[in-house]
Amino acid sequence: MTTQADNTRSGNLAPVARVRVAKRSLRHDLRGVKIVLHRELLRFVYDRTRMISQLVQPVLWLVVMGTGLSALVISGGGGGQVDMRTFMFPGVIAMSVMFTGMFSAASIVWDREFGFLREMLVAPIGRSAIVVGKVLGGALVATSQGIVIVALAGLANVPYNPLMIIELVLLMFVGAFTVTAFGVVLAARIKQMQSFFGIMQMAMMPMMFLSGALFPLSALPTWLSFLTRINPLTYAVDPLRQVVFRHLDVPPALLARFNPGVTWFGWQVPIGMEIVLVAVLGAGLLAVGIWEFRRTD
Amino acid sequence: MTSDGARAPAVAATGLAKCYGAIEAVKGIDFEVRPGEVFGFLGPNGAGKTTTISMLCTLVKPTGGGATVAGHDVLTDSDEVRRNIGLVFQDPTVDAYLTAEQNLRFHGELYGLDKAVMKDRITQVLEMVDLADRRGGKVETFSGGMKRRLEIARGLLHSPRVLFLDEPTVGLDPQTRAAIWGYINQLRETEDITIFLTTHYMEEAENCDRIAIIDHGEIVVLDTPEALKASVGKDRVQIATGDDEAAIVALQSTFGIEAGMHEGAVTFAVPSGEEFVPKLFAGLRVPIRSVHVARPSLDDVFLSYTGSTIRDAEAGAMDWARQMMRR
Ligand SMILES: Nc1ncnc2c1ncn2[C@@H]1O[C@H](COP(=O)(O)OP(=O)(O)OP(=O)(O)O)[C@@H](O)[C@H]1O
Ligand SMILES: [Mg+2]
């Protein structure tokens, strides 16, 4: 019903004063996605302290914990050549991606009260565009952070193989997408920053410990084995490790110990299926996030 | 929407209500805003001003009644409403780490403005709020008043038909407040726009074409500032005398008028002040040094319709808030 007449007013407007607001359309919503995403990246680049502070923890895990544990494992008579740092490398990538993704999502809580999000909520773009843009933006930011860790491969005695790096980047993006979508689902319901971080800690710590990021999932007691299998993060970490180990020269016995893959009742879950699992979960969470944002209307 | 649309009310609310649990923030209000007017919502803290704006801007769903903005229903046609409004929030929502121009550019893209026109339009709105020379400056280096001006520019960027300003001048110094009113008046002349604003400053409400006084979620009265003041019906008379106490007693005994001391002068209210002055000189036995007759102010209006001054109402709201905090 609204036509050009809406914006073509009579009256003595200054010559350039008249502008036309686009109609709602898929194209305009896609543009909305792009804007949200762009802004997310700008914010990341601007916030260098955040970038650096989020590097500290993974590097500590890799260099300090990894080195410490290496000594222990070797003296424990494993007799192997697998450096604990090498083992932890994919886990540390996953951790770093996960935290960055969650932090990006956290900004929703802040933005709702004070920032751009409120502005977007009155703009003629769909709620879905806002959520999709946010999740894609967060995932890109988290992936870039992950790439910085990948650049540290040398510290973990992992070779800089181009194919491996490409595979890692793609895997990181899928994982980052799902984690950010999870963060957005949480953030949509939470009004205060502190509560978000509280809940984030509560959810992230167990997930991290039960994911195989920090220790191999082989030869675990049944209860622990069960918990690791129902932890979605497991399926994000394992493909990363498989990719890294594929480019290493490790004897089969050690490979079975340090890169056991994930099994369901003895059945080896293929890497492709793990990736699909994570991606489907991410898509599901994204849908929930969109639904939540529509509901807050 | 053609010529009909231009005549239809810019905003029309019928029985518009919002409850937050047990709190009735807005209790079923009816009003119309005419196209092209500057319409003010005047009320103390917690009166329901922001809640009303949020409902009109499709940010909050009413729990009762409905409204149309620029001819579109806020409930069923929220996309069209959003295309036709601009909103300046009560609290700042500009991105501190972007430049003034980037903030505007993002906004323009959100509204899908044509790239070619956008650049000129950005210059135009920045010039209007006197920020053209700071367009490349990061917003974090801006003062509160500059941020506010930038937000107004942003709200105007996409040529909205109705611009909502939620307390546009709160917390600003008198110069900036005057400047913002200057922009509003300029807009009224240069653009075909309807302005809906909220305030709790009486002096500012005077600048509106019409105002609605809102208190505890209800519109107490709605009219032009002049009509409202006339409806109070009494002028305020202040006299300086040789003996104030004697004057107060004499006013009571001779004219039956209740007078008090305000701002160091004997003060009282009478229906038409100018006509009363000659009688005062004839009848009062106390020497009078000077007389000041003032038309009723909006303060008097607020007092007469709500039974308290807006400052009392605000203080009450603050006490209440403090009690809530203590719990
Ligand atoms: N999200 C919310 N949840 C619960 N109560 C709310 C919410 N928003 C507003 N209220 C309540 O609704 C009432 C009206 O609030 P509103 O923000 O509309 O007032 P206001 O007139 O804008 O006041 P101010 O001048 O302080 O901005 C208040 O009692 C407030 O506590
Ligand atoms: Mg308010």
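Throughout, a chain's letter reflects where its sequence line sits, starting with A, and its residues are numbered from 1. None of the values given here were measured: they were computed from a predicted structure.
In this structure the side chain of A/Met120 never reaches within 4.5 angstrom of the side chain of B/Phe106, judged on heavy atoms.
Rounding to the nearest 0.5 angstrom, the gap separating the CZ atom in A/Arg31 from the CD atom in B/Glu109 is 8.0 Å. Residue A/Tyr46 holds its OH atom at 6.0 Å from NZ of B/Lys138, rounded to the nearest 0.5 Å. Taking CZ from A/Arg43 and CG from B/Asp95, the interatomic distance works out to 7.0 Å, rounded to the nearest 0.5 Å. Here CZ of A/Arg118 is found 7.0 Å from OG of B/Ser54. Values are rounded to the nearest 0.5 Å.
The contact between B/Phe89 and chain A is made entirely by side chain atoms (from C-beta outward), counting heavy-atom distances below 4.5 Å. If you measure heavy-atom distances from B/Glu151 to chain A, you find no contacts under 4.5 Å at all. Looking at B/Asp79, both its backbone and its side chain come within 4.5 Å of chain A, counting heavy atoms on both sides. With a 4.5 angstrom heavy-atom cutoff, A/Arg39 touches chain B via backbone and side-chain atoms both. Proximity to chain A is limited to the side chain of B/Leu87, based on heavy atoms less than 4.5 angstrom apart.
Closest heavy-atom contact between B/Thr58 and A/Arg127: O-NH2, 4.2 Å. A/Val21 and B/Arg83 make their closest contact through O-NH2, 2.7 Å (heavy atoms, listed as atom of the first residue, atom of the second, distance). Among all heavy-atom pairs drawn from B/Gly112 and A/Ala22, the shortest one is O-CB, 3.7 Å. The two atoms that bring A/Ile35 and B/Leu110 nearest to each other are CD1-N, 3.4 Å, heavy atoms only.
If you run side chain to side chain contact (heavy atoms under 4.5 Å, CB included) between A/Pro124 and each of B/His158, B/Arg82, B/Glu80, only B/Arg82 comes through.
The greatest number of non-hydrogen atom pairs below 4.5 Å with chain A, out of B/Thr123, B/Leu156, B/Leu113, is found for B/Leu113.
Few gaps surround CD on B/Gln90; more than 12 heavy atoms of other groups in view lie less than 6.0 Å from it.
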